[in-house]
Amino acid sequence: MQAFRRQGRRYGAGLVCSEMVSCAGLEHRNERTLGYLRVGRDEHPLAIQIFGSEPRVMADAARMVVAAGADIVDINFGCPVRKVTKTGAGATLLDDPDRACAIVGAVADAVDVPVSVKMRRGLENGSRACLQVGPRLVEAGAATLTLHPRSARQMYTGEADHSLTAELVELVDVPVIASGDVTSRARAQSVLATTGAAAVMVGRGAQGNPWALREIVDGDGAEPSREEVAAELILFIRETMRELGEHRASGFLKKFYGWYLGRGRFPRPFKQEIVQLETTDEVVTRLFAAAPGAASIVEQLEAELPDPTDEILLDSMPISIYGGG
Ligand SMILES: Cc1cc2nc3c(=O)[nH]c(=O)nc-3n(C[C@H](O)[C@H](O)[C@H](O)COP(=O)(O)O)c2cc1C
């Protein structure tokens with residue numbers, strides 16, 4: 001999500017990555033898929049992640065995401081969701097190293113920017129497939145590897161086993177990025193020190209909590225004020241509305257209300273009230289009422305956003321996307 005990436009950059013993330021974008025969706029110029037290629041001036045350096053199982057289609061998709069502004073093309077060999085794996089994409093490719101290498105090779109040949117791969121440890125619990133496949137992917141052209149050392153079967157249960165990250169670091173001579181359960185500076189430092197990884201990636205820890213990024217990067221663990229929390233949430237709501245439209249945004253945002261307003265920041269009944277409001281407009285009005293000081297912060301944040309008409313959009317994009325709808 002652009003809203004999440006932009007926020008991450010403001011709070012110190014050195015590199016942000018898009019959600020996975022379907023190469024088949026790009027091939028068919030699917031309007032919703034093309035909407036993921038919205039790239040703002042303030043997002044760079046930016047990786048755009050693509051998924052699929054056909055080397056040629058992935059190569060075409062890679063060219064498109066570079067045209068849209070990606071500084072890095074990231075390939076998804078980690079998605080555990082059945083809808084994706086049943087098409088031979090995502091984590092399944094860890095079981096089909098020849099095809100995985102063909103994909104990386106085709107994508108690396110197609111674009112001039114670095115190509116990176118994001119993977120899980122393997123499909124089944126205890127799998128070490130990433131250690132067999134990883135070095136071959138580097139040989140095929142991957143410039144970095146990001147490892148989320150859970151199996152696909154685990155989904156998000158249990159813990160990320162970063163001893164595998166340490167083993168992978170030993171096996172390849174490209175930077176390895178560690179993903180999984182990094183939520184604090186102490187955890188980031190320990191993962192970096194024990195694995196030799198070049199960087200950590202933060203996912204869930206930053207959802208509704210960009211302040212975690214500031215703490216990880218600068219060691220500044222100051223709790224945000226209610227005004228700051230309300231302001232960040234309001235901006236996130238507005239940006240998400242712009243990206244997804246009211247209908248998709250209102251459902252999508254519900255989880256975020258809890259993530260922002262929880263952690264003792266707002267009383268529980270307030271959080272429950274917000275989640276039950278019907279429209280995002282009502283949510284925004286209620287947040288402003290609860291934290292009037294948020295208004296000037298939102299105004300300042302919005303003033304710093306680049307003009308949306310600055311975004312690079314592909315010629316083939318349907319007109320409706322230009323308006324941000
Ligand atoms: C809601 C959600 C969506 C995700 N989408 C993607 C994705 O599109 N591509 C990807 O490579 N990983 C995706 N991930 C996995 C994360 O990149 C990350 O590897 C995983 O969440 C573990 O890191 P964390 O503990 O910091 O969240 C997603 C995770 C979550 C929770």
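These values consider heavy atoms only, across backbone and side chains, with no hydrogens, waters or symmetry-generated copies. Given the structure is predicted, the values throughout are model-derived calculations rather than measurements. One-based numbering, in listed order, for ligands and for the atoms of each.
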For [atom], the protein heavy atom that lies nearest, with its residue and separation:
| atom | value |
| --- | --- |
| atom 1 (C) of ligand 1 | Gln207 NE2, 4.1 Å |
| atom 31 (C) of ligand 1 | Arg204 CG, 3.5 Å |
| atom 30 (C) of ligand 1 | Tyr156 OH, 3.6 Å |
| atom 9 (N) of ligand 1 | Gln49 OE1, 2.7 Å |
| atom 18 (C) of ligand 1 | Ser179 OG, 3.3 Å |
| atom 26 (O) of ligand 1 | Gly203 N, 2.9 Å |

With distance as the sole test, does [X] use its side chain to make a donor-acceptor pair with the main-chain N or O of [Y] at under 3.5 Å?
| X | Y | value |
| --- | --- | --- |
| Arg214 | Gly219 | no |
| Asp181 | Ala160 | yes |
| Ser53 | Thr87 | yes |

- prompt: Think Arg265 forms a cation-pi with Tyr260, using NZ or CZ under 6.0 Å from the six-ring centre and within 45 degrees of its axis?
  reply: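 So Arg265 doesn't make the cation-pi contact.
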
- prompt: Taking NZ, NE, NH1 and NH2 as the nitrogens, is one of them in Glu27 or Arg56 under 4.0 Å from a carboxylate oxygen of the other?
  reply: yes

message: Check Arg238 with Glu302, please: is the shortest side-chain N to carboxylate O separation under 4.0 Å?
response: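 Salt bridge flag = yes for Arg238 with Glu302.
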
query: Can you find a protein heavy atom closer to atom 5 (N) of ligand 1 than 4.0 Å?
result: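 Neighbour list for atom 5 (N) of ligand 1 is empty of protein heavy atoms (cut-off 4.0 Å).
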
query: Under the 4.0 Å line, does any protein heavy atom show up next to atom 20 (C) of ligand 1?
result: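 Yes, because at least one protein heavy atom sits under 4.0 Å from atom 20 (C) of ligand 1.
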
- prompt: Can you tell me if Gly180 has a non-hydrogen atom under 4.0 Å from ligand 1?
  reply: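 So Gly180 counts as touching ligand 1.
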
field: Per atom 16 (C) of ligand 1, closest listed option by heavy atom (Met119, Lys118, His148)
entry: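 Checking each option, the heavy atom nearest atom 16 (C) of ligand 1 is found in Lys118.
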
query: Do Phe256 and Leu287 sit in the same hydrophobic cluster, where Ile, Leu, Val, Met, Phe, Trp and Tyr count as joined when their side-chain heavy atoms come under 4.5 Å apart?
result: yes

query: Which of the atoms of ligand 1 are close to Asp181, meaning less than 4.0 Å from one of its heavy atoms?
result: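 By the 4.0 Å cutoff, the relevant atoms are 24 (P), 25 (O), 26 (O).
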
message: Distance under 4.0 Å to a non-hydrogen atom of Met20: what atoms of ligand 1 satisfy this?
response: 8 (O)

field: Structural part of Asn76 in contact with ligand 1, heavy atom criterion under 4.0 angstrom
entry: side chain

From Ile75 atom CD1 to Met20 atom CE, the distance as rounded to the nearest 0.5 Å: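 The distance works out to 14.0 Å.
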
message: Can you confirm whether Arg204 is buried at CZ, in the sense that more than 12 heavy atoms of other residues, nucleotides or ligands lie under 6.0 Å from that atom?
response: yes

